[in-house]
Amino acid sequence: MSIRVRFAPSPTGFLHVGSARTFIFNWLFARHNGGTMILRVDDTDVERNTEASESSIFDGLRWLGLGWDEEYRQSERLELHRRMANAIFAKGMAYRDFTPAHAGDDSRPAAQGAWLFHADMRSLPAAESDARAARGEPFALRFRVPREAQGEAQFHDAVYGEQAKSFVDIEDFALLRSDGMPTYHMASCADDIDLGISHIIRGQDHLTNTFKHVLIFGALGAAAPQFAHLPLLVAPDGSKLSKRKHGPVVSVTTYREAGFLPEAFINFLCLLGWSPKDDRQFMSVAEIQELFTLEGINRANAVVNFTEPPPTPDDAFDPKAVWLNGEHIRALPVEELAARLGAFLAAAGHPLDKQAMLKITPLIRERIRLLRDALAAADFFLNRELAPYDPALLVPQKGDAAMARKVLEKAREALAETEFTHDALEQALRSSAQQLGLKAGQMFSPIRVAITGRTAAPPLFGTLEALGKELTLQRIAQALQSVGASTG
RNA sequence: GGCGCAUUCGUCUAACGGUUAGGACGCCGCCCUCUCAAGGCGGUAAUACGGGUUCGAUUCCCGUAUGCGCUACCA
């Protein structure tokens with residue numbers, strides 16, 4: 001039997017991290033087993049669907065870069081859904097319910113237990129049912145759960161094991177709404193049969209629904225697919241992830257815009273609810289694909305450990321996600337990272353050519369964990385004018401303003417006649433320090449501040465080389481002015 | 001309320017009856033070092049609780065607690 005899985009989002013919101021993980025797990029399962037990955041837009045809820053949501057979902061999936069093999073849209077398959085619903089009705093396994101939609105809360109006393117069915121409708125004589133339908137009276141089509149049978153619906157879940165639920169605890173759920181539209185349960189099962197879905201991998205929030213689906217598959221005489229339910233992704237307080245409550249950290253878009261690499265994002269998500277069963281954390285997509293099995297999925301919900309509200313923008317994400325992103329950044333060949341950084345910086349308003357990116361990338365790649373960190377890490381390179389800084393920073397450890405001035409003057413002199421390559425710069429500055437009788441650090445520190453405006457910056461010689469002689473000398477001159485000014 | 005599912009360091013997880021309960025992130029310390037990082041080394045910290053079963057329970061069973069899900073003519 002061929003392996004066919006589907007990811008079935010409903011376009012009622014942005015793509016959130018939980019959905020992204022479900023997509024990824026389906027994709028991994030398909031690829032690991034040489035199967036087919038299907039994208040099926042579950043858009044049977046006309047009321048709530050939006051185009052914005054749909055494009056957000058597609059954008060997010062495209063960013064992940066995994067792709068899919070086939071694509072369907074449920075709203076284009078309504079005839080199939082109705083035909084299958086009617087087939088169930090024809091077998092007497094469903095009945096018409098003429099109760100008006102949203103019939104009210106009092107008809108469903110939740111306090112005493114779950115609502116199960118409208119007794120009068122369930123037992124409505126066929127003749128009367130037909131007559132009312134012929135009269136044009138609207139009705140929902142409900143599945144007639146065989147509650148008299150004293151049996152139970154059951155299935156095997158690849159993650160949660162054997163599952164069973166008594167028929168008496170399952171309500172007569174709707175198959176068709178009174179406007180003729182199929183419900184999720186009906187549409188989903190009909191499509192799963194028609195598309196030959198072999199494995200349904202989805203969130204654990206569907207675990208209980210599966211009993212209904214098993215009933216539908218059975219009524220249609222179809223073998224149920226294999227099921228694998230995924231533990232849910234939850235917020236640090238254990239509650240379900242929701243945009244309303246938790247803000248942008250649950251949206252895939254936020255990760256992309258912050259400068260997560262899709263492969264790092266995928267790596268992170270895979271570690272939530274799945275384990276390779278050994279000690280590895282950092283994995284390429286190819287590696288995960290190789291290792292991925294349903295047996296590696298665990299049962300407890302996983303916390304996405306973001307901070308809320310974020311103390312600083314950088315601290316909003318799960319620290320492990322950020323760490324993994326840094327690891328993936330450093331695993332990239334410099335040319336590749338330069339290209340990705342270049343695209344990111346261009347989008348952020350700093351278009352740089354390839355040469356510039358190749359100069360800057362090696363300097364910052366060990367200092368950034370998100371692509372957006374480059375904005376701050378390479379600020380001295382991105383902006384011709386340095387942001388104003390405190391001249392006191394120019395003063396080296398165990399030194400004073402006079403020493404700073406002496407260092408900068410010496411540097412200006414030495415650098416003016418030095419070739420701007422890493423090794424030549426190092427040689428020139430180290431011997432300058434010696435000539436002044438200073439420690440290397442005391443020599444380098446004022447220069448670093450002069451050219452970057454910061455005491456913490458990438459390695460000095462590489463930075464000088466990247467900056468070039470002209471800009472360097474200009475900034476040293478400016479620094480000298482401020483040192484002179486501050487000391488009179 | 002009913003039904004279902006879950007419960008190992010703060011977080012992600014490993015240990016398919018016998019381990020000093022392992023790894024990772026985070027945090028702390030040390031090393032490396034021109035600063036900051038990166039890297040290396042070390043430290044911190046967990047089996048929800050109560051009963052069983054067993055020579056022996058993180059592991060199997062029951063109960064309790066807690067959390068989550070479903071209980072729509074949403075998906």
Side-chain angles (χ1 to χ4, degrees), chain A residues 8-12 42-45 47-48 97 99-103 108-116 138-142 157 160-161 163-166 168-171 173-185 187-188 203-212 229 231-232 234 236-240 268 271-282 295 298-306 318-324 326-327 330 364-369 377 397 426 429-430 433 439-445 447-449 452 454-461:
Chain A
S10 66
T12 55
D42 277 12
D43 56 351
T44 53
D45 185 358
E47 302 277 306
R48 305 196 315 160
D97 183 344
T99 310
H102 308 107
R108 303 192 166 197
Q112 298 307 316
W115 170 85
L116 291 172
F139 61 86
L141 195 66
R142 285 187 185 283
D157 189 274
Y160 290 92
Q163 301 293 316
K165 185 168 183 173
S166 298
V168 295
D169 290 323
I170 304 174
E171 78 276 11
F173 54 95
L175 262 20
L176 252 29
R177 303 175 227 203
S178 49
D179 63 0
M181 287 292 283
T183 60
Y184 158 73
H185 302 302
S188 179
Q204 192 247 41
D205 47 344
H206 286 292
L207 191 64
T208 321
N209 287 332
T210 306
F211 295 113
K212 297 170 189 168
H229 287 88
L232 265 22
V234 297
D237 66 357
S239 68
K240 190 176 172 178
F268 170 65
L271 256 17
L272 259 25
W274 174 80
S275 160
K277 302 291 183 188
D278 58 21
D279 289 342
R280 56 189 123 181
Q281 316 281 330
F282 175 92
E295 289 69 42
N298 61 13
R299 285 164 289 278
N301 290 169
V303 172
V304 181
N305 197 20
F306 56 79
D318 188 317
K320 192 161 185 175
V322 177
W323 169 75
L324 271 171
E327 294 290 304
R330 273 169 254 121
I364 62 172
R365 65 188 237 130
E366 281 165 5
R367 267 154 278 266
I368 60 175
R369 297 180 305 166
Q397 287 287 308
E426 174 158 19
L429 292 179
R430 283 197 190 278
K439 288 185 180 175
Q442 290 175 308
M443 179 78 202
F444 300 159
S445 178
I447 302 173
R448 171 177 300 110
V449 174
T452 67
R454 291 186 269 124
T455 54
L460 188 57
F461 315 120

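Please read these numbers as outputs of a predicted model, since none were measured by experiment. Residue numbering restarts at 1 for every chain, and letters A, B, ... go by the order of the sequence lines.
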ask   = So what does A/Ala457 touch, heavy atoms closer than 4.0 Å: a base, only the sugar-phosphate, or nothing?
value = base
query = Out of B/A75, B/A72, B/C68, which nucleotide sits closest to the side chain of A/Thr44?
reply = B/A75
query = Can you tell me how far C1' of B/C36 sits from CZ of A/Arg448, to the nearest Å?
reply = 8 Å
ask   = Is there a donor N/O on one and an acceptor N/O on the other, under 3.5 Å, for the side chain of A/Lys320 and the base of B/C12?
value = yes
query = What integer distance in Å separates A/Leu175:CG from B/C74:P?
reply = 12 Å
request  = Assert yes or no for the condition that the ring centre distance of A/Phe461 to A/Phe444 is strictly below 6.0 Å.
outcome  = yes
key: Sub-6.0 Å ring centroid separation between A/Phe211 and A/His185   = no
Tabulate protein N/O versus nucleotide N/O from nucleotides 37-40 of chain B, keeping only pairs under 3.5 Å, one per line.
unit_1, atom_1, unit_2, atom_2, d
B/A37, O2', A/Glu366, O, 2.1
B/A38, O4', A/Glu366, O, 3.4
B/A38, O3', A/Arg330, NH1, 3.2
B/G39, OP1, A/Glu327, OE2, 2.8

request  = Pick base, sugar-phosphate or nothing for A/Asp205, based on heavy-atom distances below 4.0 Å to the nucleic acid.
outcome  = sugar-phosphate
query = Base, sugar-phosphate, or nothing: which does A/Phe139 touch, judged by heavy atoms less than 4.0 Å apart?
reply = nothing
inquiry  = Just verifying a value: how many Å separate A/Leu141 CG and A/Asp97 CG, rounded to the nearest 0.5 Å?
reply    = 9.5 Å
remark   = Side-chain atoms of A/Leu460 come closest, of B/U13, B/C34, B/G4, to B/C34
inquiry  = Side chain of A/Ala101, heavy atoms from C-beta onward: which of B/G10, B/U35, B/C73 has the nearest atom to it?
reply    = B/C73
Pairs under 3.5 Å (N/O, protein and nucleotides 58-65 of chain B):
none

task = Could you let me know what B/A24 is paired to, Watson-Crick or G-U wobble, both distances under 3.5 Å, or none if it's on its own?
result = B/U11
task = Confirm from the modelled atom types if A/Ser178 and B/C73 form a donor-acceptor pair under 3.5 Å, side chain to base only.
result = yes
ask   = Looking at B/A75, B/C73, B/U71, which one has an atom nearest to any side-chain atom of A/Tyr184?
value = B/A75
Any strand: nucleotide that pairs with B/C55 via Watson-Crick or wobble, under 3.5 Å = B/G18
ask   = Can you check the A/His185 NE2 to B/A75 C1' distance for me, whole Å?
value = 8 Å
inquiry  = Under 4.0 Å, counting only non-hydrogen atoms across every strand here, what does A/Ala456 touch: a base, just sugar-phosphate, or nothing?
reply    = base
inquiry  = Of the options B/U11, B/U35, B/U71, whose atoms approach the side-chain atoms of A/Val303 most closely?
reply    = B/U11
key: Per A/Gln204 side chain, nearest of listed nucleotides B/U35, B/A75, B/G69   = B/G69
query = Counting any heavy atom closer than 4.0 Å, what does A/Thr455 reach on the DNA or RNA strands: base, sugar-phosphate only, or nothing?
reply = base
key: Residue A/Ser275, side-chain atoms from C-beta onward, closest of B/U13, B/C5, B/G2   = B/U13
query = Looking for any heavy atom pair under 4.0 Å, which part of the strands does A/Thr208 touch: base, sugar-phosphate only, or nothing?
reply = base
key: Nucleotide B/G22, atom P - distance to CG of A/Asp279 in whole Å   = 11 Å
message = How long is the straight-line distance from CD of A/Glu171 back to CZ of A/Arg142, given to the nearest 0.5 Å?
response = 8.5 Å
message = Any base atoms under 4.0 Å from A/Lys439, or only sugar-phosphate, or nothing? Heavy atoms, all strands.
response = nothing
request  = May I ask you to say what A/Pro231 touches in the nucleic acid, namely base, sugar-phosphate or nothing, with a heavy-atom cut-off under 4.0 Å?
outcome  = nothing
Whole-angstrom distance between B/C9 and B/A46, as gauged at atom C1' = 4 Å
ask   = Are A/Gln281 and A/Lys320 linked by a side-chain donor-acceptor pair shorter than 3.5 Å?
value = yes
key: Residue A/Asn209, side-chain heavy atoms: nucleotide from B/C70, B/C73, B/A6 that is nearest   = B/C70
query = Contact class for A/Pro458 vs. all strands (heavy atom < 4.0 Å): base, sugar-phosphate, or nothing?
reply = base
Non-hydrogen side-chain atoms of A/Thr183 and A/Thr44 separated by less than 4.5 Å = no
query = Which nucleotide, in any strand shown, forms a Watson-Crick or G-U wobble pair with B/C3, with both distances under 3.5 Å?
reply = B/G69
inquiry  = Of the options B/C73, B/C5, B/A14, whose atoms approach the side-chain atoms of A/Leu207 most closely?
reply    = B/C5
Spacing of A/Trp115 atom CH2 relative to B/C70 atom C1', expressed in whole Å = 14 Å
ask   = Among B/A6, B/G10, B/C68, which nucleotide sits nearest the side chain of A/Arg299?
value = B/A6
